Amino acid sequence: MPALYMAHAHQRLPKATRIIALGRQAWNTAQYVEFVQGASIKHIEDSELHPAAWQAFLQRLEYVPLDATQAADYARLAACLTPQAQRVYYLATAPTLFTQICQHLDGAGLVDAQARVVLEKPLGHDLPSAKVINEAVARHFDEQQIYRIDHYLGKETVQNLMVLRFGNAIFEPLWRAPSIRSVQITVAESVGVGNRAGFYDQTGALRDMVQNHLLQLLCIVAMEPPISLDPDDVRDEKLKVLRSLQRLDAAAIRQHTVRGQYIAGAAQGESVCGYLDEANVPPDSQTETFVALRTQINNARWAGVPFFLRTGKRLQTRRSQIVIDFAQPPFSIFGAQPHAEHPNRLIITLQPEESIQLQMMAKIPGSGMSMKPVFLDLDLESAFAGRRADAYERLLVDVIKGRLTHFMRRDELEAAWRWVDPILQGWQSQSDKPRPYTAGTWGPAASSALMAREGCNWFEES
(Lines give C-alpha, C1' and ligand atoms only; values in the text may rest on other atoms or scores of the structure.)
Protein backbone atom coordinates (compact mmCIF):
# COMPACT_ATOMS: atom_id res chain seq x y z
CA MET A 1 0.00 0.00 0.00
CA PRO A 2 2.76 2.54 0.70
CA ALA A 3 4.23 1.74 -2.73
CA LEU A 4 0.86 2.18 -4.42
CA TYR A 5 0.32 5.44 -2.54
CA MET A 6 3.66 6.78 -3.76
CA ALA A 7 2.79 5.85 -7.33
CA HIS A 8 -0.55 7.62 -6.88
CA ALA A 9 0.98 10.73 -5.30
CA HIS A 10 3.42 11.12 -8.21
CA GLN A 11 0.80 10.55 -10.93
CA ARG A 12 2.15 7.15 -11.97
CA LEU A 13 -1.20 5.36 -11.68
CA PRO A 14 -3.82 5.74 -14.42
CA LYS A 15 -6.59 8.06 -13.26
CA ALA A 16 -9.27 5.36 -13.33
CA THR A 17 -7.25 2.90 -11.22
CA ARG A 18 -9.21 1.15 -8.48
CA ILE A 19 -7.54 -0.93 -5.78
CA ILE A 20 -9.74 -3.77 -4.55
CA ALA A 21 -8.61 -5.65 -1.46
CA LEU A 22 -9.82 -9.20 -0.91
CA GLY A 23 -9.71 -10.99 2.43
CA ARG A 24 -11.54 -13.33 4.77
CA GLN A 25 -12.26 -10.63 7.35
CA ALA A 26 -15.92 -9.60 7.44
CA TRP A 27 -15.07 -5.93 6.88
CA ASN A 28 -16.64 -3.22 4.80
CA THR A 29 -14.59 -0.68 2.86
CA ALA A 30 -14.60 1.86 5.70
CA GLN A 31 -13.14 -0.71 8.10
CA TYR A 32 -10.52 -1.71 5.60
CA VAL A 33 -9.51 1.92 5.00
CA GLU A 34 -9.12 2.34 8.77
CA PHE A 35 -6.85 -0.72 8.81
CA VAL A 36 -4.75 0.65 5.93
CA GLN A 37 -4.33 4.00 7.66
CA GLY A 38 -3.03 2.34 10.81
CA ALA A 39 -0.71 -0.06 9.00
CA SER A 40 0.66 2.04 6.14
CA ILE A 41 1.28 5.61 7.22
CA LYS A 42 4.26 4.67 9.39
CA HIS A 43 6.00 3.35 6.26
CA ILE A 44 5.64 6.62 4.32
CA GLU A 45 8.12 9.45 4.82
CA ASP A 46 6.63 12.57 6.38
CA SER A 47 7.80 14.66 3.42
CA GLU A 48 5.78 12.45 1.07
CA LEU A 49 2.60 12.21 3.13
CA HIS A 50 0.35 14.96 1.77
CA PRO A 51 -3.14 14.98 3.32
CA ALA A 52 -4.98 15.74 0.08
CA ALA A 53 -3.06 13.08 -1.88
CA TRP A 54 -3.54 10.53 0.91
CA GLN A 55 -7.29 11.11 1.07
CA ALA A 56 -7.55 10.88 -2.72
CA PHE A 57 -5.61 7.61 -2.58
CA LEU A 58 -7.97 6.18 0.05
CA GLN A 59 -10.86 6.96 -2.31
CA ARG A 60 -9.39 4.40 -4.73
CA LEU A 61 -9.69 1.59 -2.18
CA GLU A 62 -12.50 -0.94 -1.94
CA TYR A 63 -12.84 -4.06 0.15
CA VAL A 64 -14.61 -7.28 -0.83
CA PRO A 65 -14.83 -10.19 1.63
CA LEU A 66 -13.69 -13.33 -0.15
CA ASP A 67 -12.48 -16.80 0.81
CA ALA A 68 -9.91 -17.70 -1.84
CA THR A 69 -10.86 -21.40 -1.64
CA GLN A 70 -14.57 -20.89 -2.33
CA ALA A 71 -15.50 -20.61 -6.01
CA ALA A 72 -18.87 -19.03 -5.20
CA ASP A 73 -17.21 -16.00 -3.56
CA TYR A 74 -15.65 -14.94 -6.87
CA ALA A 75 -19.07 -13.90 -8.18
CA ARG A 76 -18.97 -11.18 -5.53
CA LEU A 77 -15.65 -9.97 -6.96
CA ALA A 78 -16.95 -10.12 -10.55
CA ALA A 79 -19.93 -7.96 -9.60
CA CYS A 80 -17.72 -5.05 -8.54
CA LEU A 81 -15.27 -5.08 -11.48
CA THR A 82 -15.54 -2.67 -14.39
CA PRO A 83 -16.20 -4.53 -17.68
CA GLN A 84 -13.35 -4.43 -20.21
CA ALA A 85 -10.93 -2.91 -17.68
CA GLN A 86 -7.34 -4.13 -17.47
CA ARG A 87 -6.99 -6.23 -14.32
CA VAL A 88 -3.92 -6.99 -12.23
CA TYR A 89 -4.33 -9.79 -9.69
CA TYR A 90 -1.70 -9.59 -6.96
CA LEU A 91 -1.48 -12.89 -5.08
CA ALA A 92 0.23 -12.07 -1.78
CA THR A 93 -0.90 -15.42 -0.39
CA ALA A 94 0.62 -18.77 0.47
CA PRO A 95 1.72 -20.40 -2.82
CA THR A 96 -0.52 -23.38 -2.02
CA LEU A 97 -3.46 -21.08 -2.87
CA PHE A 98 -2.15 -19.93 -6.26
CA THR A 99 -3.70 -22.88 -8.10
CA GLN A 100 -7.17 -22.46 -6.60
CA ILE A 101 -7.21 -18.70 -7.01
CA CYS A 102 -6.29 -18.81 -10.70
CA GLN A 103 -8.79 -21.60 -11.32
CA HIS A 104 -11.60 -19.72 -9.59
CA LEU A 105 -10.75 -16.42 -11.32
CA ASP A 106 -10.96 -18.16 -14.68
CA GLY A 107 -14.11 -20.01 -13.72
CA ALA A 108 -15.79 -16.71 -12.85
CA GLY A 109 -14.87 -15.27 -16.26
CA LEU A 110 -12.31 -12.86 -14.77
CA VAL A 111 -9.33 -13.84 -16.91
CA ASP A 112 -8.95 -12.32 -20.37
CA ALA A 113 -6.05 -11.40 -22.67
CA GLN A 114 -5.46 -8.12 -20.76
CA ALA A 115 -5.37 -9.67 -17.28
CA ARG A 116 -2.07 -9.98 -15.42
CA VAL A 117 -1.21 -11.98 -12.32
CA VAL A 118 1.58 -11.15 -9.85
CA LEU A 119 3.00 -14.07 -7.85
CA GLU A 120 4.86 -13.48 -4.59
CA LYS A 121 7.68 -15.80 -3.57
CA PRO A 122 8.26 -18.50 -2.56
CA LEU A 123 7.06 -20.33 -5.65
CA GLY A 124 7.31 -23.85 -4.32
CA HIS A 125 9.75 -25.48 -1.91
CA ASP A 126 11.65 -27.49 -4.54
CA LEU A 127 11.69 -28.10 -8.30
CA PRO A 128 8.71 -30.52 -8.45
CA SER A 129 6.46 -28.21 -6.40
CA ALA A 130 7.54 -25.17 -8.46
CA LYS A 131 6.62 -27.05 -11.64
CA VAL A 132 3.20 -27.92 -10.24
CA ILE A 133 2.50 -24.25 -9.47
CA ASN A 134 3.81 -23.05 -12.83
CA GLU A 135 1.75 -25.61 -14.74
CA ALA A 136 -1.40 -24.79 -12.75
CA VAL A 137 -1.07 -21.03 -13.28
CA ALA A 138 -0.22 -21.58 -16.97
CA ARG A 139 -3.58 -23.30 -17.51
CA HIS A 140 -5.25 -19.94 -16.98
CA PHE A 141 -2.64 -17.27 -17.81
CA ASP A 142 -0.14 -17.11 -20.67
CA GLU A 143 3.52 -16.70 -19.69
CA GLN A 144 3.43 -13.08 -20.89
CA GLN A 145 0.68 -12.42 -18.33
CA ILE A 146 2.60 -13.83 -15.32
CA TYR A 147 4.79 -11.54 -13.18
CA ARG A 148 6.91 -13.44 -10.62
CA ILE A 149 7.97 -10.59 -8.39
CA ASP A 150 11.32 -10.27 -6.61
CA HIS A 151 11.70 -6.82 -5.06
CA TYR A 152 15.51 -6.97 -5.33
CA LEU A 153 15.14 -6.64 -9.09
CA GLY A 154 13.31 -3.35 -8.55
CA LYS A 155 16.15 -1.70 -6.64
CA GLU A 156 17.69 1.24 -8.47
CA THR A 157 21.24 -0.02 -7.97
CA VAL A 158 20.43 -3.45 -9.38
CA GLN A 159 18.91 -1.93 -12.50
CA ASN A 160 21.81 0.53 -12.68
CA LEU A 161 24.19 -2.43 -12.74
CA MET A 162 23.17 -3.15 -16.33
CA VAL A 163 23.97 0.44 -17.29
CA LEU A 164 27.26 0.28 -15.40
CA ARG A 165 28.25 -2.86 -17.28
CA PHE A 166 26.89 -2.33 -20.75
CA GLY A 167 26.80 1.47 -20.99
CA ASN A 168 30.44 2.14 -20.08
CA ALA A 169 33.35 1.04 -22.24
CA ILE A 170 35.81 1.02 -19.32
CA PHE A 171 34.26 -1.94 -17.51
CA GLU A 172 33.14 -4.44 -20.14
CA PRO A 173 36.64 -5.44 -21.38
CA LEU A 174 37.64 -6.18 -17.75
CA TRP A 175 34.39 -7.91 -16.75
CA ARG A 176 35.75 -11.43 -17.13
CA ALA A 177 38.50 -13.85 -16.20
CA PRO A 178 41.38 -13.33 -15.64
CA SER A 179 40.80 -9.62 -14.90
CA ILE A 180 38.38 -10.46 -12.10
CA ARG A 181 39.73 -12.50 -9.22
CA SER A 182 36.45 -13.23 -7.37
CA VAL A 183 32.88 -12.06 -6.89
CA GLN A 184 31.06 -11.97 -3.56
CA ILE A 185 27.37 -11.28 -2.99
CA THR A 186 26.05 -10.65 0.52
CA VAL A 187 22.46 -10.14 1.68
CA ALA A 188 22.72 -9.74 5.45
CA GLU A 189 19.89 -9.09 7.90
CA SER A 190 20.33 -7.92 11.47
CA VAL A 191 16.83 -9.04 12.50
CA GLY A 192 15.78 -12.51 13.61
CA VAL A 193 12.78 -14.47 12.38
CA GLY A 194 10.32 -12.38 14.39
CA ASN A 195 6.74 -13.52 13.86
CA ARG A 196 7.62 -15.47 10.68
CA ALA A 197 8.96 -18.53 12.51
CA GLY A 198 6.11 -20.77 11.36
CA PHE A 199 6.94 -20.01 7.72
CA TYR A 200 10.69 -19.69 8.12
CA ASP A 201 11.28 -22.98 9.90
CA GLN A 202 9.76 -24.79 6.93
CA THR A 203 11.82 -22.74 4.49
CA GLY A 204 15.31 -21.77 5.70
CA ALA A 205 17.81 -19.30 4.31
CA LEU A 206 18.67 -21.28 1.16
CA ARG A 207 15.08 -21.37 -0.08
CA ASP A 208 14.11 -17.97 1.31
CA MET A 209 17.04 -15.95 -0.03
CA VAL A 210 19.58 -17.83 -2.15
CA GLN A 211 17.17 -19.50 -4.59
CA ASN A 212 15.71 -16.15 -5.64
CA HIS A 213 17.39 -12.93 -4.45
CA LEU A 214 21.05 -13.98 -4.53
CA LEU A 215 20.85 -16.05 -7.72
CA GLN A 216 19.10 -13.17 -9.48
CA LEU A 217 21.87 -10.78 -8.43
CA LEU A 218 24.46 -13.31 -9.61
CA CYS A 219 22.73 -13.52 -12.99
CA ILE A 220 22.83 -9.77 -13.53
CA VAL A 221 26.51 -9.62 -12.55
CA ALA A 222 27.50 -12.54 -14.77
CA MET A 223 25.18 -12.39 -17.81
CA GLU A 224 26.40 -11.73 -21.34
CA PRO A 225 25.24 -8.51 -23.04
CA PRO A 226 21.69 -9.06 -24.33
CA ILE A 227 20.99 -8.06 -27.92
CA SER A 228 18.35 -5.58 -26.67
CA LEU A 229 16.38 -4.61 -23.58
CA ASP A 230 13.45 -6.70 -24.75
CA PRO A 231 12.31 -8.74 -21.70
CA ASP A 232 12.99 -12.10 -23.30
CA ASP A 233 16.41 -11.05 -24.59
CA VAL A 234 17.45 -10.06 -21.05
CA ARG A 235 15.94 -13.14 -19.45
CA ASP A 236 17.51 -15.44 -22.06
CA GLU A 237 20.94 -14.29 -20.92
CA LYS A 238 20.09 -14.74 -17.24
CA LEU A 239 18.88 -18.26 -17.99
CA LYS A 240 22.21 -19.10 -19.64
CA VAL A 241 24.00 -18.14 -16.42
CA LEU A 242 21.77 -20.39 -14.32
CA ARG A 243 22.32 -23.27 -16.70
CA SER A 244 26.09 -22.71 -16.57
CA LEU A 245 26.34 -22.73 -12.77
CA GLN A 246 28.49 -25.60 -11.58
CA ARG A 247 26.37 -28.29 -9.95
CA LEU A 248 27.52 -29.25 -6.47
CA ASP A 249 27.88 -32.96 -5.79
CA ALA A 250 28.05 -34.48 -2.30
CA ALA A 251 31.78 -33.80 -1.87
CA ALA A 252 31.45 -30.22 -3.11
CA ILE A 253 28.47 -29.58 -0.84
CA ARG A 254 30.54 -30.61 2.17
CA GLN A 255 33.53 -28.52 1.05
CA HIS A 256 31.89 -25.46 -0.51
CA THR A 257 28.78 -24.79 1.57
CA VAL A 258 28.35 -23.57 5.14
CA ARG A 259 25.04 -23.48 6.95
CA GLY A 260 24.55 -21.93 10.34
CA GLN A 261 21.95 -21.16 12.98
CA TYR A 262 22.15 -18.17 15.33
CA ILE A 263 22.43 -18.53 19.08
CA ALA A 264 21.89 -15.90 21.77
CA GLY A 265 23.90 -12.72 21.42
CA ALA A 266 23.41 -8.99 20.97
CA ALA A 267 21.81 -6.92 18.20
CA GLN A 268 21.67 -3.10 18.10
CA GLY A 269 23.03 -3.08 21.65
CA GLU A 270 20.33 -5.35 23.08
CA SER A 271 20.48 -8.99 24.15
CA VAL A 272 18.58 -11.31 21.80
CA CYS A 273 17.69 -14.97 22.03
CA GLY A 274 18.89 -17.76 19.79
CA TYR A 275 16.85 -19.23 16.95
CA LEU A 276 15.78 -22.29 18.96
CA ASP A 277 14.34 -19.97 21.64
CA GLU A 278 12.24 -17.96 19.20
CA ALA A 279 8.45 -18.38 19.46
CA ASN A 280 7.04 -21.27 17.39
CA VAL A 281 10.47 -22.77 16.57
CA PRO A 282 10.78 -26.50 17.43
CA PRO A 283 13.50 -27.09 20.04
CA ASP A 284 15.29 -29.57 17.78
CA SER A 285 15.02 -27.55 14.56
CA GLN A 286 17.88 -27.91 12.10
CA THR A 287 16.69 -25.09 9.83
CA GLU A 288 19.55 -22.92 8.65
CA THR A 289 19.42 -19.16 9.31
CA PHE A 290 22.76 -18.60 7.54
CA VAL A 291 24.22 -19.86 4.26
CA ALA A 292 27.57 -19.22 2.64
CA LEU A 293 28.65 -21.07 -0.47
CA ARG A 294 31.16 -21.06 -3.26
CA THR A 295 30.28 -21.78 -6.87
CA GLN A 296 31.55 -20.96 -10.34
CA ILE A 297 30.18 -20.45 -13.83
CA ASN A 298 31.31 -22.88 -16.48
CA ASN A 299 31.71 -20.63 -19.49
CA ALA A 300 34.52 -18.77 -21.22
CA ARG A 301 33.92 -15.40 -19.57
CA TRP A 302 34.06 -16.69 -15.99
CA ALA A 303 36.33 -19.74 -16.22
CA GLY A 304 38.00 -20.30 -12.84
CA VAL A 305 36.45 -17.25 -11.11
CA PRO A 306 34.89 -18.19 -7.74
CA PHE A 307 31.52 -16.69 -6.82
CA PHE A 308 30.83 -16.50 -3.08
CA LEU A 309 27.24 -16.09 -1.88
CA ARG A 310 26.27 -15.30 1.72
CA THR A 311 23.04 -14.53 3.54
CA GLY A 312 21.81 -14.79 7.09
CA LYS A 313 19.69 -13.47 9.91
CA ARG A 314 20.94 -11.85 13.11
CA LEU A 315 24.18 -10.79 11.44
CA GLN A 316 26.24 -7.80 12.53
CA THR A 317 24.45 -5.28 10.35
CA ARG A 318 21.85 -5.03 7.62
CA ARG A 319 23.66 -4.95 4.30
CA SER A 320 23.16 -6.05 0.71
CA GLN A 321 26.32 -5.76 -1.34
CA ILE A 322 28.07 -7.01 -4.46
CA VAL A 323 31.88 -6.89 -4.39
CA ILE A 324 33.88 -7.39 -7.59
CA ASP A 325 37.48 -8.18 -6.67
CA PHE A 326 39.80 -7.41 -9.58
CA ALA A 327 43.05 -9.29 -10.08
CA GLN A 328 46.31 -7.99 -8.72
CA PRO A 329 48.88 -6.51 -11.11
CA PRO A 330 51.06 -9.31 -12.52
CA PHE A 331 54.17 -7.59 -11.09
CA SER A 332 54.53 -4.89 -8.46
CA ILE A 333 57.36 -2.39 -8.65
CA PHE A 334 56.41 -1.11 -5.17
CA GLY A 335 57.36 -4.23 -3.21
CA ALA A 336 55.28 -5.58 -0.35
CA GLN A 337 52.61 -3.11 0.85
CA PRO A 338 50.32 -3.71 3.85
CA HIS A 339 47.11 -2.69 2.03
CA ALA A 340 47.89 -3.99 -1.45
CA GLU A 341 46.15 -7.39 -1.27
CA HIS A 342 43.01 -6.00 -2.92
CA PRO A 343 44.18 -3.08 -5.05
CA ASN A 344 40.99 -2.70 -7.08
CA ARG A 345 37.47 -3.47 -5.97
CA LEU A 346 34.07 -2.40 -7.22
CA ILE A 347 31.64 -2.27 -4.29
CA ILE A 348 27.97 -2.05 -5.20
CA THR A 349 25.80 -1.44 -2.13
CA LEU A 350 22.06 -2.09 -2.47
CA GLN A 351 21.01 -1.38 1.11
CA PRO A 352 20.78 0.32 3.49
CA GLU A 353 22.10 3.16 1.29
CA GLU A 354 22.52 2.65 -2.44
CA SER A 355 25.98 3.51 -3.74
CA ILE A 356 28.78 2.40 -6.03
CA GLN A 357 32.44 2.67 -4.99
CA LEU A 358 35.56 1.91 -6.98
CA GLN A 359 38.59 1.19 -4.81
CA MET A 360 41.97 2.20 -6.21
CA MET A 361 45.47 2.48 -4.79
CA ALA A 362 46.95 5.95 -4.21
CA LYS A 363 50.21 7.26 -2.81
CA ILE A 364 50.20 8.40 0.80
CA PRO A 365 51.51 12.01 0.93
CA GLY A 366 55.09 12.31 2.12
CA SER A 367 58.42 10.80 1.27
CA GLY A 368 58.60 7.27 -0.06
CA MET A 369 56.06 5.37 -2.13
CA SER A 370 53.69 3.98 0.46
CA MET A 371 50.18 3.29 -0.80
CA LYS A 372 46.69 2.93 0.61
CA PRO A 373 43.29 2.26 -0.95
CA VAL A 374 41.04 5.22 -1.73
CA PHE A 375 37.52 5.25 -3.10
CA LEU A 376 35.86 6.89 -6.05
CA ASP A 377 32.25 7.22 -4.84
CA LEU A 378 28.97 7.42 -6.69
CA ASP A 379 26.29 8.25 -4.14
CA LEU A 380 23.11 7.69 -6.14
CA GLU A 381 20.98 9.70 -3.74
CA SER A 382 23.10 12.85 -4.08
CA ALA A 383 23.97 12.36 -7.78
CA PHE A 384 20.33 12.64 -8.86
CA ALA A 385 18.20 15.35 -7.34
CA GLY A 386 14.82 13.87 -8.27
CA ARG A 387 12.81 11.47 -6.17
CA ARG A 388 13.85 7.82 -6.45
CA ALA A 389 11.03 5.31 -6.44
CA ASP A 390 10.92 2.41 -4.00
CA ALA A 391 11.57 -1.06 -5.47
CA TYR A 392 7.99 -2.22 -5.03
CA GLU A 393 6.60 1.00 -6.49
CA ARG A 394 8.84 0.62 -9.53
CA LEU A 395 7.85 -3.01 -10.07
CA LEU A 396 4.12 -2.42 -9.57
CA VAL A 397 4.19 0.34 -12.17
CA ASP A 398 6.07 -2.05 -14.46
CA VAL A 399 3.24 -4.56 -14.07
CA ILE A 400 0.63 -1.94 -14.95
CA LYS A 401 2.64 -0.90 -18.02
CA GLY A 402 3.32 -4.49 -19.06
CA ARG A 403 7.10 -4.45 -18.63
CA LEU A 404 8.36 -7.98 -17.93
CA THR A 405 12.13 -7.37 -17.91
CA HIS A 406 12.54 -7.36 -14.13
CA PHE A 407 10.35 -10.39 -13.42
CA MET A 408 11.40 -14.04 -13.46
CA ARG A 409 10.35 -16.22 -16.36
CA ARG A 410 9.17 -19.77 -15.73
CA ASP A 411 12.31 -21.42 -17.08
CA GLU A 412 14.48 -19.10 -14.93
CA LEU A 413 12.62 -20.11 -11.79
CA GLU A 414 12.89 -23.80 -12.57
CA ALA A 415 16.59 -23.53 -13.47
CA ALA A 416 17.25 -21.89 -10.08
CA TRP A 417 15.44 -24.70 -8.26
CA ARG A 418 17.31 -27.28 -10.37
CA TRP A 419 20.60 -25.86 -9.01
CA VAL A 420 19.42 -25.48 -5.38
CA ASP A 421 17.68 -28.86 -4.96
CA PRO A 422 20.88 -30.99 -4.83
CA ILE A 423 22.23 -28.76 -2.03
CA LEU A 424 19.05 -29.26 0.00
CA GLN A 425 19.18 -32.99 -0.61
CA GLY A 426 22.88 -33.12 0.25
CA TRP A 427 22.29 -31.39 3.58
CA GLN A 428 19.48 -33.80 4.40
CA SER A 429 21.71 -36.80 3.76
CA GLN A 430 24.54 -35.42 5.91
CA SER A 431 24.42 -35.86 9.67
CA ASP A 432 25.96 -32.43 10.35
CA LYS A 433 23.79 -29.88 12.12
CA PRO A 434 23.91 -26.18 11.21
CA ARG A 435 26.95 -24.51 12.76
CA PRO A 436 26.08 -22.20 15.67
CA TYR A 437 27.02 -18.53 15.41
CA THR A 438 26.49 -15.76 17.93
CA ALA A 439 23.80 -13.24 17.03
CA GLY A 440 25.41 -9.94 16.06
CA THR A 441 28.42 -11.51 14.33
CA TRP A 442 29.09 -12.28 10.67
CA GLY A 443 28.18 -15.95 10.94
CA PRO A 444 30.15 -19.15 11.55
CA ALA A 445 33.95 -19.03 11.33
CA ALA A 446 33.71 -21.66 8.60
CA SER A 447 32.31 -18.95 6.33
CA SER A 448 35.60 -17.04 6.50
CA ALA A 449 37.54 -20.26 6.05
CA LEU A 450 35.52 -20.97 2.89
CA MET A 451 37.05 -17.89 1.28
CA ALA A 452 40.45 -18.09 2.93
CA ARG A 453 41.13 -21.43 1.24
CA GLU A 454 41.29 -19.50 -2.03
CA GLY A 455 43.18 -16.49 -0.71
CA CYS A 456 40.03 -14.35 -0.51
CA ASN A 457 38.11 -12.72 2.32
CA TRP A 458 34.72 -11.16 2.88
CA PHE A 459 34.74 -7.42 2.31
CA GLU A 460 34.21 -6.35 5.94
CA GLU A 461 37.18 -8.51 6.97
CA SER A 462 39.61 -6.68 4.67
Side-chain angles (χ1 to χ4, degrees), residues 1 3-4 13-14 16-36 39 58-150 196 198-199 202-203 207 392 395-396 399-400 402 404 407-410 413-414 417:
M1 283 299 166
L4 287 170
L13 294 181
T17 299
R18 297 161 61 210
I19 301 169
I20 301 172
L22 310 172
R24 288 176 294 178
Q25 293 91 339
W27 289 343
N28 57 32
T29 294
Q31 290 171 308
Y32 178 70
V33 166
E34 183 180 355
F35 164 75
V36 169
L58 295 180
Q59 293 300 312
R60 294 184 185 267
L61 304 185
E62 298 177 41
Y63 182 83
V64 176
L66 180 144
D67 184 333
T69 65
Q70 300 300 312
D73 283 11
Y74 288 75
R76 195 180 303 131
L77 171 61
C80 74
L81 293 181
T82 304
Q84 308 303 317
Q86 177 193 314
R87 296 159 188 168
V88 174
Y89 301 110
Y90 193 114
L91 309 191
T93 70
T96 52
L97 293 174
F98 290 173
T99 300
Q100 291 184 71
I101 292 173
C102 292
Q103 178 183 342
H104 294 329
L105 286 171
D106 204 358
L110 300 179
V111 178
D112 56 24
Q114 289 191 90
R116 294 162 190 165
V117 62
V118 182
L119 305 180
E120 276 274 15
K121 78 172 185 72
L123 274 86
H125 58 271
D126 57 13
L127 179 59
S129 61
K131 283 185 172 181
V132 168
I133 292 173
N134 279 331
E135 289 166 4
V137 175
R139 285 195 286 271
H140 309 285
F141 292 89
D142 292 337
E143 181 62 31
Q144 297 299 311
Q145 296 175 279
I146 302 171
Y147 293 72
R148 298 172 186 85
I149 194 167
D150 181 342
R196 298 176 69 232
F199 159 79
Q202 301 299 314
T203 306
R207 290 188 179 100
Y392 266 110
L395 291 176
L396 290 173
V399 175
I400 293 169
L404 279 157
F407 298 85
M408 291 181 71
R409 202 168 59 191
R410 173 177 177 169
L413 173 71
E414 293 180 0
W417 276 121

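Numbering starts at 1 and runs along the sequence shown. All values reported here derive from a predicted model rather than from experimental measurement. Side chains are part of it too, since the values below use all heavy atoms of this structure and drop only hydrogens, waters and symmetry mates.
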Hey, are the side chains of [X] and [Y] touching, using non-hydrogen atoms and a 4.5 Å cut-off?
X: Pro122; Y: Phe199; answer: yes
X: Leu97; Y: Leu91; answer: no
X: Cys102; Y: Thr99; answer: no
X: Arg60; Y: Leu13; answer: yes
X: Gln144; Y: Leu404; answer: yes
X: Glu62; Y: Arg18; answer: yes
X: Leu396; Y: Val118; answer: no
X: Leu105; Y: His140; answer: no

With a 3.5 Å distance limit and no angle check, can you tell me whether [X] reaches the backbone of [Y] through a side-chain donor-acceptor pair?
X: Tyr63; Y: Gly23; result: yes
X: Gln86; Y: Ile400; result: yes
X: Arg76; Y: Pro65; result: yes
X: Tyr147; Y: Val88; result: no
X: Gln145; Y: Ala115; result: yes
X: Arg148; Y: Leu413; result: no
X: Asp112; Y: Gln114; result: yes
X: Trp417; Y: Lys131; result: no

Measure across [X] and [Y] and return the closest heavy-atom pair with its distance rounded to 0.1 Å.
X: Phe98; Y: Glu120; result: CZ-O, 3.4 Å
X: Ala78; Y: Ala108; result: CB-O, 4.5 Å
X: Arg410; Y: Ala138; result: NH1-CB, 4.0 Å
X: Arg116; Y: Val399; result: NH1-O, 2.8 Å
X: Gly124; Y: Pro95; result: N-CB, 4.4 Å

Mind checking the [atom1]-[atom2] spacing from [X] to [Y]? Nearest 0.5 Å is all I need.
X: Leu22; Y: Tyr74; atom1: CG; atom2: OH; result: 8.0 Å
X: Phe141; Y: Asp106; atom1: CZ; atom2: CG; result: 7.0 Å
X: Gln100; Y: Asp67; atom1: CD; atom2: CG; result: 8.5 Å
X: Thr82; Y: Ile20; atom1: OG1; atom2: CD1; result: 7.0 Å
X: Glu135; Y: Ile133; atom1: CD; atom2: CD1; result: 11.0 Å
X: Glu414; Y: Arg409; atom1: CD; atom2: CZ; result: 11.5 Å

Quiz item: Yes or no on side-chain contact (heavy atoms from CB on, under 4.5 Å) for His125 and Gln202, after CA distance, side-chain angles and deciding distance?
Solution: CA-CA 9 Å; His125 58 271; Gln202 301 299 314; over 6 Å; no
Taking atom [atom1] as the centre, does [X] end up with more than 12 heavy-atom neighbours from other residues, nucleotides or ligands that are less than 6.0 angstrom away?
X: Phe35; atom1: CZ; value: no
X: Glu34; atom1: CD; value: no
X: Gln84; atom1: CD; value: no

Quiz item: Between Phe407 and Ile146, is a side-chain contact (heavy atoms from CB on, under 4.5 Å) present by the stated rule, with each step listed?
Solution: CA-CA 9 Å; Phe407 298 85; Ile146 302 171; over 6 Å; no
Practice problem: Can you label the angle between the Trp27 ring and the Tyr32 ring as parallel, tilted or perpendicular, going by 30° and 60°? | Solution: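 If you compare the ring of Trp27 with that of Tyr32, the planes turn out tilted.
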Practice problem: List the steps, then state whether side-chain contact (heavy atoms from CB on, under 4.5 Å) holds for Thr203 with Arg196. | Solution: CA-CA 10 Å; Thr203 306; Arg196 298 176 69 232; over 6 Å; no
